[in-house]
There are 2 protein chains.
Amino acid sequence: MLSIGKLSGLTGVKVPTIRYYEQIGLLPKPERNEGGQRIYNNTSRERLNFIRHARELGFPLEDIRELLALSDSPDQSCDAIDAIAKRQLAEVEHRLVRLNALYKELERMVAQCTCGTVQTCRVIQVLGDHGLCVADHQKIMSHDIDQ
Amino acid sequence: MLSIGKLSGLTGVKVPTIRYYEQIGLLPKPERNEGGQRIYNNTSRERLNFIRHARELGFPLEDIRELLALSDSPDQSCDAIDAIAKRQLAEVEHRLVRLNALYKELERMVAQCTCGTVQTCRVIQVLGDHGLCVADHQKIMSHDIDQ
DNA sequence: CTTGAACCTCTAGTTACTAGAGGATGTAGC
DNA sequence: GCTACATCCTCTAGTAACTAGAGGTTCAAG
């Protein structure tokens, strides 16, 4: 008995996003009233909360799709779920390590800027010359540019 | 005197990406040989290295565009550059804090999974019920879902 | 002179949404 | 009952920063 707007308010997921989730098949197509507007129940609400929370934890939608499918068969072993969660954990850890390195280098770069002219700007110099980075830069940064 | 492939090899930026940067105006249109193929020189190489390094540090292309423009006028004050770098530093710091919180929660979630059936899976439970999160979750996660 | 790698342009796909047009429906107040 | 106005509908296109593929041309080695 929830309109899409109410559902949005309750879950914190924006209205167009809910429709988008329906479109890509993450949420089942809901009932409609005589006027053709979507009506939801508490089951949809729980499912949407699940999606939202998983998104907050950085799971990609494809993983969430899989998690939802798995959670629909409660008697199976939860190994598959565990694997997805662990994969995500490893992913986040990797990003964390990289981001930390970025942070350090940015910090160093900004700290060295004495704010004279562009010509002598340390930021521009460091950006232009990879050699001015910290020594173990290559190890961490080399082949993947991610955020 | 560099083909696009050579330039790619020297800078670590993929060939289609170089063409893409040219398309969006980050790199100037290079000379062409009689056959119509792009030929680059060391100036292009330096510019591309600059872009690459800034990307590795997480600067968005629009910021890089601005940094490149600024670096072309060497006698100006470098305040503007400093501002961009500091903004990026703050951004990275913010992401770092969030990612750390994510990591902790994922870790906790995975640790609690005793790997029985889906029905009792802690991962599924936590994802489904926001209340099972750590207490100060809301403070950190509330309004923006980013990676 | 042939063959295969490297180049060219162009379009469309990726992720996870967001924005906007143009129109229908629901609801509150009079 | 009527009039606003919020909310809803569908559809298309745009975002960032590329990546992939089609279909064709040019270059370099043997």
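Just so it is clear, the values below take in all heavy atoms, side chains as well, and ignore hydrogens, waters and symmetry mates. Letters A, B, ... mirror the listed sequences (proteins, then strands); counts begin at 1.
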Can you tabulate the close N/O pairs, meaning under 3.5 Å, that link protein atoms to atoms of nucleotides 2-5 of chain C?
none

Pairing residues for B:Lys104 by the salt bridge (charged side-chain N to carboxylate O under 4.0 Å, His left out) criterion, not counting sequence neighbours
none
May I ask you to say what B:Ile4 touches in the nucleic acid, namely base, sugar-phosphate or nothing, with a heavy-atom cut-off under 4.0 Å?
sugar-phosphate
Check for a donor-acceptor pair, side chain of A:Arg65 on one end and backbone N or O of A:Ile24 on the other, with a separation under 3.5 Å.
yes
Mind checking side-chain contact (heavy atoms from CB on, under 4.5 Å) for B:Glu107 and listing every partner two or more places apart, or none if nothing turns up?
A:Leu89, B:Tyr103
Sorted by chain and number, sequence neighbours left out, side-chain hydrogen bond (donor to acceptor under 3.5 Å, both in side chains) with B:Glu66 holds for none
Think A:Tyr21 has a side-chain N or O under 4.0 angstrom from the OP1 or OP2 of C:dA16?
no
Can you tell me which residue pairs pass the salt bridge (Lys or Arg N to Asp or Glu O under 4.0 Å) test with a partner in residues 42-51 of chain B, sequence neighbours excluded?
B:Arg47-B:Asp72
OP1, OP2 of D:dA17 versus side-chain N and O of B:Thr17: anything below 4.0 Å?
no
Per A:Arg55 side chain, nearest of listed nucleotides C:dA16, C:dC7, D:dT19
C:dA16
Sequence neighbours left out, cut at 3.5 Å: what donor-acceptor pairs do the side chains of residues 7-20 of chain A make with other protein atoms?
{"from": "A:Ser8", "atom 1": "OG", "to": "A:Val13", "atom 2": "O", "distance (Å)": "2.8"}
{"from": "A:Thr11", "atom 1": "OG1", "to": "A:Leu7", "atom 2": "O", "distance (Å)": "2.8"}
{"from": "A:Thr11", "atom 1": "OG1", "to": "A:Val13", "atom 2": "N", "distance (Å)": "3.3"}

Please identify each residue that fulfils side-chain contact (heavy atoms from CB on, under 4.5 Å) with A:Ser44, with sequence neighbours left out.
A:Tyr40, A:Asn41
Within this structure, what is the CD1-to-P distance between B:Ile18 and C:dC7, rounded to whole angstrom?
9 Å
I need the CZ-P distance between B:Arg52 and D:dA17, as an integer number of Å.
17 Å
Any pair with a residue in residues 33-44 of chain A that passes salt bridge (Lys or Arg N to Asp or Glu O under 4.0 Å), sequence neighbours left out, goes on the list, sorted by first then second residue, please.
A:Glu22-A:Arg38
Kindly write out the residues that satisfy side-chain contact (heavy atoms from CB on, under 4.5 Å) with A:Glu91, not counting sequence neighbours, or none if the list is empty.
A:Gln88, A:Arg95
Would the number of heavy atoms belonging to other residues, nucleotides or ligands and lying under 6.0 Å from CD of B:Gln112 be above 12?
yes
Integer-rounded Å distance: D:dT7 P and A:Leu2 CG
15 Å
For A:Leu7 and D:dT7, give me the distance from atom CG to atom P, rounded to whole Å.
15 Å
Between B:Ser3 and D:dC27, is there a contact of a side-chain N or O with OP1 or OP2 at under 4.0 Å?
no
Once you round it to whole Å, what is the distance between C1' of C:dT18 and CD1 of A:Ile24?
14 Å
Set of side-chain hydrogen bond (donor to acceptor under 3.5 Å, both in side chains) partners for A:Asp79, sequence neighbours left out
A:Ser77
Could I get a table of every N or O pair under 3.5 Å where one atom is in the protein and the other is in nucleotides 11-16 of chain D?
none

List in numerical order all residues of residues 29-42 of chain B for which some heavy atom is under 4.0 Å away from an atom belonging to DNA chain D.
B:Asn33, B:Gly35, B:Gln37
Taking only side-chain nitrogens and oxygens of A:Lys14, does any of them come within less than 4.0 Å of OP1 or OP2 of C:dT18?
yes
